[in-house]
Amino acid sequence: ETGVTQSPTHLIKTRGQQVTLRCSSQSGHNTVSWYQQALGQGPQFIFQYYREEENGRGNFPPRFSGLQFPNYSSELNVNALELDDSALYLCASSLDSNEQFFGPGTRLTVL
Amino acid sequence: AQSVTQPDIHITVSEGASLELRCNYSYGATPYLFWYVQSPGQGLQLLLKYFSGDTLVQGIKGFEAEFKRSQSSFNLRKPSVHWSDAAEYFCAVGRATSGTYKYIFGTGTRLKVLA
């Protein structure tokens with residue numbers, strides 16, 4: 001059974017650019033949640049996708065958007081990057097509203 | 001407001017000493033409870049979880065946690081710390097809000113182990 005994978009592992013962007021992060025769900029899971037972990041903080045819930053529809057959102061601006069595909073993989077898109085967007089972005093998959101399994105994360109640095 | 005509190009930002013213990021990391025939550029009902037460990041530059045590793053039943057939960061790497069409803073606490077313990085336990089530890093609550101089941105994390109406790 002393949003666990004949750006994320007790509008890329010690291011990336012560096014400059015302010016104002018756009019970025020797309022990718023997540024492949026664990027086999028059999030239909031729900032993906034995204035979290036942002038700033039340096040020295042705990043992860044914060046960004047949003048969740050269930051069966052290709054957004055199913056809840058945390059306190060993040062609209063420039064954070066996402067997609068979920070028919071195979072339940074997911075993308076997180078961030079437009080107009082700001083310095084404070086530098087963080088570890090974690091993806092977690094689950095079957096419905098059950099235990100979430102986290103990927104290794106993508107570390108984004110915005111210069 | 002719903003929250004998870006880890007009162008200790010940093011803890012330093014000597015190798016071989018016992019460890020207790022505190023976690024308190026503020027929710028009306030009993031949520032699902034988790035402890036994760038994170039090494040520098042790494043993702044989250046699940047140590048243990050509590051859903052229901054026995055309030056003393058055993059996890060990996062010799063860790064255990066006890067759920068105390070009366071204190072809204074879920075403290076993590078280890079009887080003898082190893083140098084490799086140095087890392088950051090996060091307590092989390094799984095909670096459904098407006099139809100969305102999400103995790104709410106504490107701010108973490110950084111553990112330093114002295115040789």
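Proteins come first, then strands; the chains are lettered A, B, ... in the order of their sequence lines, and each starts at number 1.
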Roughly how far apart are [X] [atom1] and [Y] [atom2], rounded to 0.5 Å?
X	Y	atom1	atom2	value
B:Gln42	A:Arg107	CD	CZ	9.0 Å
A:Phe102	B:Gln38	CZ	CD	10.5 Å
B:Phe105	A:Leu90	CZ	CG	7.5 Å
A:Tyr35	B:Ile104	OH	CD1	8.5 Å

Apply side chain to side chain contact (heavy atoms under 4.5 Å, CB included) to the pair B:Tyr101 and A:Thr31, showing each step before the final yes or no.
CA-CA 10 Å; B:Tyr101 177 72; A:Thr31 303; over 6 Å; no
Hey, are the side chains of A:Glu99 and B:Tyr32 touching, using non-hydrogen atoms and a 4.5 Å cut-off?
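Answer no - side chains too far apart.
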In terms of heavy-atom pairs under 4.5 Å with chain B, which of A:Gln41, A:Gln44, A:Gln100 leads?
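Option with the top pair count is A:Gln100.
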Sort by residue number and list every residue of residues 107-115 of chain B having at least one heavy atom under 4.5 Å from chain A.
B:Thr107
For [X], is it the side chain, the backbone, both or neither that has a heavy atom under 4.5 Å from a heavy atom of chain B?
X	value
A:Pro43	both
A:Asn98	backbone
A:Gln48	side chain

So which part of B:Leu46 gets closer than 4.5 Å to some heavy atom of chain A, the side chain, the backbone, both or neither?
side chain
Considering only heavy atoms, which portion of B:Gln6 lies under 4.5 Å from any heavy atom of chain A: side chain, backbone, both, or neither?
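It is neither, since no heavy atom gets under 4.5 Å.
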Do other residues, nucleotides or ligands put more than 12 heavy atoms under 6.0 Å from A:Leu111 CG?
yes
